[in-house]
Every structure is written in C-alpha cells, then in structure tokens.
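This report concerns only the one structure given below.
Note that the structure is a prediction, hence the values are computed from the model and not measured. Positions are given from 1, in the same order as the sequence printed here. Ligands are counted one by one from 1 in listed order, and the atoms in each one are counted from 1 as well.
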Amino acid sequence: MEKNIFALKGDICYSKNLKELQTMEQGLLVCKEGMVEGVFQELPIEYKDIEVKDYGKKLIIPGLVDLHMHAPQYTYRGLHMDLELLEWLNSYTFPAEAKYKDEEYARVTYGRFVDRMVKSATTRACIFATVHVEGTLILMDLLEKAGMHTMVGKLNMDRNAPDYLREVSWEQSAADTRRWIEEAKKRFENNVPMLTPRFTPSCSDEIMAELKKIQVEYGLPFQSHLSENSGEIEWVKELCPYAKYYGQAYSHFGLFGGDTPTVMAHCIYSCEEEIQDMKEQEVYIAHCPESNMNVVAGIAPVRKYLQEGLKVGLGSDVAGGATENLFTAMMHAIQVSKLRWRLVDDTLAPLTVPEVFYMATKGGGELFGKVGSFEEGYEFDAVILDDSHIPDQDGLTIEERLERFIYLNQEADVKAKYIAGTQVL
Ligand code: GUN
Ligand code: FE
C-alpha cells in the first residue's frame, strides 16, 4: 500500500497525554496522504470503499521514537559494560568508531544496523554517526532506502580524543561539516542532518562558535550529551571557565534550544539553573535508562522533569544501552525510577506505563513535528504488534496487553510498520 487512502483494523492504543491512553478494540485507523484521518469504530460513509487491511486481534500503536542512539556502536552492543563513561569511551567507543574511516566497513556494519532498525518498532530516531563524512552519508543513504525518517549527525571532535579519531583542526571539522550538509541536503529527503558536537570535552570553543554559524546558515537541529557523569561535569568546568554549569557550555554559543530544535542526552545531574534553562529554551531531554545503568552514570530524575513540564523522550543510547528495542527502554525507565525512588529520593514517585509510553511516542515525536499519536493530523507512523503467543492473555484490556508487551516483548513481535503512510516492513 502506498500513500493515498486506506485503513488498518485492529486493537488500537495511543497516548493522548502523559496520563491517558486512548484505546479502541477492533478500531479502524484511517490514513490519507500519509496523515492520520482518525480512529473509528465504524468507517464514516465517505471512507466506506477504501481498502481495509485487517490485522485481527493484533495491537496497533504509533511508531516509537528513539531520541538518542549511536549507530557505529551497534557492533559492540551487549559488550564492554565494565567501565564508567570516560574510560569506556577511550577503551571501547573511540577504537570502534575509528573503523568507520573505511567505507566498506561502514557499508557492511551500518547495513546490519539499518536492517535491525527496520524490523524494530522504531519509526523515528536521532542518530549519532562518527566524525567521518563518507561513512555518515553511507548511513543516511541506507536509512533513506529503508524508508526510515531520522535525524543523523556527523560528529565534531577536534580535541581530547586519540590522534586516530580526532579531527586535525576546528577549521577542518567545520569544512567537513559543511561538505556533509551540502551532500546530505542534495541526496536525502527523509533523513536529515542534525548538528552533533559529541560533547563539550570533545569540542573546542572555536568549533562550537562555528557550529552556531552553520546552524544559522542551514537552519539545522542540534544534539549532544549533557550532565551524564560527575567526572565529565568536573572536566567541563575546567575546560569552560565561562560556564557556571554544563548547560552554559552550549548556551554560551547559542546552542541550547530556543529557535533551534535541540536534544540533550542524559541530563542526570542537571542543577536547578540548567533545568530552568532547558524548560525556557524547550530543550528535549533524551532519557536513556539502560545506559544510566550500564555505564554506571546514575539515574536521571525524570519525574522531576515531567512535573516541571520539560520535554522528555526516550533513548536507547546504543551501545550504552545494549538494545535498540524501545519497549525494553520503557521497562527500564519504570524500573530505574523505582530504584531511584526507593534508594535516592522518595519524593519523586516512580514512572507509570502511560508515562513511559507517552515519552516513547508523542513526547519524543514532537521533535519531528506532528508525530507519535493517532490524533487527526498526525503523520501516519503505525506499528503492528503480535502478542498472540504470550500465554494467559484471556480477558486482558488493551492497556494490560501493552504493559505486558513492554515487559515481555521479543524482536519477532513487530509484524508490520508504516512510516508517514508508507509500509516499510
Ligand atoms: N558522551 C560522549 N560520548 C558519549 C557516548 O558515545 N555515549 C554516551 N553514553 N555518552 C557519551
Ligand atoms: Fe550517547
């Protein structure tokens, strides 16, 4: 089925807001020109002749949105979880990313990554690549051909990285960034460039100032890491004497939200001022719960961010997270919030299923526009889930089936996927 008009039939579930799930058994989800027309129990008269694809008792949910992941780290997912962030980067991440200088290696390994992404429930993602222009374009080409809709970053790293990976100067880093953007804009429609300085320790003041110029020139979104690890935070204090707190190492250069759609990954140790800046500048927080555990970073106070009205989505942070599976990320988000409540701060109540589902759909989806819901006017991103092999499902509500799917999901359970009205799986 191509983009025109059709309906999917099944047990439908989507978020209205943080607290409320909207469900309909045997509902009809109508797509017109890639957009959601609505969810109906009976097809309205004007749609009575359209094609209906009947998915029986399968669940139909909006596509999931991964606000933070590293494609080149997919090769070592599930390995090397024995170090904290800065040592982990030096020991495992930088050597793994350096291999992407080799275009053939990039084609093969990014090919495997994109295959998995297509089979997953994820429809939209913010993806870190590496410093390499050609490798990043290869990744974007594969994503485009697979029908994914993503934002992808060629990294900037012009300091504090090994010679084999560091860019030789800020001028070269900027020139490569411009060349990559020009090429990507020519070649890709649905996978777009996102400015991506790796994090403050990897980027000189000069490249940050230049990235602001590039950002204004091309009107691009922006992503980086923020306040993930105490060693990292101390280091940023030394590197950026002008910054009272980490967020100012970005806002100093005009690279902290405002008119620029911006995602900051982690935000585990953000101080009150940093939180207020993120709120005022409408910065999206990518909460990456599995990574919080694996690199022993700590647990982000997500309940506090939600209470304050900040924008929060979920990230897999592959390979800080071992899996790209966002149902697992939803489960971990609930579980780490319970441990935080029990062990760290009993004023911040654990997260709930509707809250993590919202973050993984409509919450993160907002970065991409009207994405992550089945309300009228949203882009038609839909995932069909088969939970029929799970025993003891008798009499469960759709909400209960969703909850169970979050805890018991397996890769094989995604049966079909539509992005902006086009079937990609
Ligand atoms: N901070 C800077 N780079 C990285 C990375 O690759 N992963 C994580 N989790 N944090 C980072
Ligand atoms: Fe990360």
Side-chain angles (χ1 to χ4, degrees), residues 66-100 113 125-132 135-136 139 150-162 165-167 194-204 207-208 222-236 239-240 246-247 249-250 262-270 284-300 313-324 326 329 332 336 364:
D66 193 333
L67 275 193
H68 182 74
M69 69 191 320
H70 299 260
Q73 297 177 20
Y74 194 68
T75 53
Y76 69 90
R77 68 200 182 283
L79 293 172
H80 311 321
M81 304 300 196
D82 58 333
L83 295 175
E84 292 189 48
L85 178 66
L86 299 175
E87 293 75 30
W88 180 79
L89 290 173
N90 277 314
S91 304
Y92 306 122
T93 309
F94 294 161
E97 292 190 6
K99 294 184 186 167
Y100 285 80
F113 165 77
C126 295
I127 305 176
F128 281 51
T130 64
V131 292
H132 311 99
T136 305
L139 172 63
T150 69
M151 299 184 186
V152 177
K154 170 220 152 342
L155 306 195
N156 300 99
M157 296 176 68
D158 71 332
R159 69 173 175 188
N160 294 321
L165 189 60
R166 195 181 58 247
E167 296 173 297
M194 186 172 205
L195 291 178
T196 308
R198 171 170 224 121
F199 67 159
T200 296
S202 302
C203 294
S204 66
I207 190 61
M208 287 295 201
F222 184 89
Q223 63 182 348
S224 197
H225 294 92
L226 180 66
S227 298
E228 178 179 10
N229 166 287
S230 44
E232 172 206 20
I233 293 168
E234 285 308 309
W235 197 10
V236 171
L239 290 167
C240 305
Y246 194 164
Y250 298 110
T262 297
V263 179
M264 286 288 156
H266 304 300
C267 308
I268 299 171
Y269 299 105
S270 295
Y284 287 79
I285 294 170
H287 175 44
C288 306
E290 191 188 355
S291 173
N292 284 189
M293 296 187 274
N294 287 338
V295 292
V296 219
I299 304 169
L314 280 186
S316 64
D317 195 26
V318 161
T323 177
E324 74 292 344
L326 288 175
H332 284 142
V336 298

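Heavy atoms of V295 come nearer than 4.0 angstrom to ligand 1 in no pair at all.
With R159 contributing its side chain and S202 its backbone, the two residues share no donor-acceptor pair below 3.5 Å. Proximity of a side-chain donor or acceptor of N294 to a complementary backbone N or O of G320 within less than 3.5 Å is detected. Listed for the T130 side chain is a donor-acceptor partner under 3.5 Å among the backbone atoms of H132. At least one donor-acceptor pair under 3.5 Å links the side chain of E290 to the backbone N or O of A322. Looking only at distances, no side-chain donor or acceptor of S316 sits under 3.5 Å from a matching main-chain atom of G321.
Taking a cut-off of 2.8 Å, the protein N, O or S atoms nearer than that to the Fe ion (ligand 2) are H68 NE2, H70 NE2, H225 NE2, D317 OD1.
Counting only residues at least two apart or on different chains, no salt bridge (charged side-chain N to carboxylate O under 4.0 Å, His left out) pair has a member in residues 75-96.
Side-chain polar atoms of T196 and Q223 form a donor-acceptor pair below 3.5 angstrom. A donor and an acceptor atom, one from each side chain of Y76 and T93, are located under 3.5 Å apart.
Protein heavy atom at the shortest distance from atom 3 (N) of ligand 1 is R198 NE, 2.8 Å.
Between H70 and H68, the two ring planes are perpendicular [angle over 60°; tilted spans 30° to 60°].
Looking at L85 against ligand 1, only its side chain comes within 4.0 Å, counting heavy atoms.
A 4.5 Å side-chain heavy-atom check between F128 and E97 finds every atom pair outside the cut-off.
Considering backbone and side-chain atoms alike, E232 places every N or O at 3.5 Å or more from each N or O of ligand 1. When only interatomic distances are considered, the shortest N/O to N/O separation between E228 and ligand 1 falls below 3.5 Å. Distances between N or O atoms of E97 and those of ligand 1 include no value under 3.5 Å.
For atom 5 (C) of ligand 1, the choice among H70, M157, H68 with the nearest heavy atom turns out to be H70.
Taking every heavy atom of L89 and a limit of under 4.0 angstrom, the matching atoms of ligand 1 come to 2 (C), 3 (N), 4 (C), 5 (C), 6 (O). Applying the 4.0 Å criterion to heavy atoms of D317 picks out, from ligand 1, the atoms 8 (C), 9 (N). The distance from ligand 1 to the heavy atoms of H266 drops below 4.0 Å at these ligand atoms: 9 (N). Each of the following atoms of ligand 1 lies closer than 4.0 Å to a heavy atom of W88: 7 (N).
Closest approach of H225 to R198, counting heavy atoms only: ND1-O, 2.8 Å.
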